[in-house]
Amino acid sequence: MNRSLTTRYALCSGLVALVGAAAVAAVALPRGETTVRFGLWGWLMMALPGVAGGAWLAGVHGKPGTGFLFALAAAIAARVVLAGLGALPVIVVGREAILPYAAGLGAGFFPLQVFEVAWFVRRTAKG
């Protein structure tokens, strides 16, 4: 595993993830504590496995074997599991937490997904 590449990916994707958190906070703050709490909770459920899984992928990218596919499947599975587990407190609170949680999931997923695709397209093109 290329540690410097993994670290660089983790730092860059972490910054991208923080942009998503800032967007959630900016939109949620005027709407109250529940919106902020569940928006950031949803963001966290996607951002953590996104950064960690992407860093793992960056470390195994281009190496022979099935490491990349295994890391990809594990990252996807982690996101699915955390999104489901993260929904448990949303279910307890009820309707007022559903939309902020879903928006947080999106804010934690989409910016990182775009970054991840761009990173690997660029790395693949470099050879």
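FYI, side chains are in, hydrogens and waters are out, and symmetry mates aren't considered; it's all heavy atoms of this structure.
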Are [X] and [Y] connected in the hydrophobic side-chain network, where two residues link if heavy atoms are under 4.5 Å apart?
X   : Y    : value
L48 : Y9   : no
V80 : L82  : no
L72 : M46  : no
V51 : L57  : yes
V16 : V114 : no

Please find the pair of heavy atoms, one from P89 and one from W41, that lie closest to each other, and give the distance.
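P89 and W41 have their closest heavy atoms at CG-NE1, 3.8 Å.
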When you look at F68 and W56, which way does the ring-ring contact (aromatic ring centres under 6.0 Å, His included) test go after all the steps?
CA-CA 8 Å; F68 187 83; W56 183 9; over 10 Å; no
Acceptor/donor pairs from residues 18-34 side chains to any protein atom, 3.5 angstrom cut, sequence neighbours excluded:
from: R31; atom 1: NH1; to: V27; atom 2: O; distance (Å): 2.6

Distance-only donor-acceptor hits, side chain of residues 94-109, under 3.5 Å, sequence neighbours excluded:
from: Y101; atom 1: OH; to: A83; atom 2: O; distance (Å): 2.6
from: Y101; atom 1: OH; to: A87; atom 2: N; distance (Å): 3.3

Value rounded to 0.5 Å, distance of [atom1] in [X] from [atom2] in [Y]:
X   : Y    : atom1 : atom2 : answer
W43 : L112 : CH2   : CG    : 8.5 Å
M45 : L40  : CE    : CG    : 11.0 Å
C12 : W119 : SG    : CH2   : 5.5 Å

Kindly indicate whether the side chain of V92, heavy atoms from C-beta on, has any atom under 4.5 Å from the side chain of L88.
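The answer is no; the side chains never approach within 4.5 Å.
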Any non-hydrogen side-chain atom of Q113 less than 4.5 Å from a side-chain atom of R79?
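Yes, at least one pair of side-chain atoms sits under 4.5 Å.
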If you apply the rule side-chain contact (heavy atoms from CB on, under 4.5 Å), what do you find for F115 with F110, and how did you get there?
CA-CA 9 Å; F115 174 77; F110 290 110; over 6 Å; no
Do the ring planes of H61 and F120 sit parallel (below 30°), tilted (30 to 60°) or perpendicular (above 60°)?
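Taking F120 first and then H61, their aromatic rings sit tilted (interplane angle of 30° to 60°).
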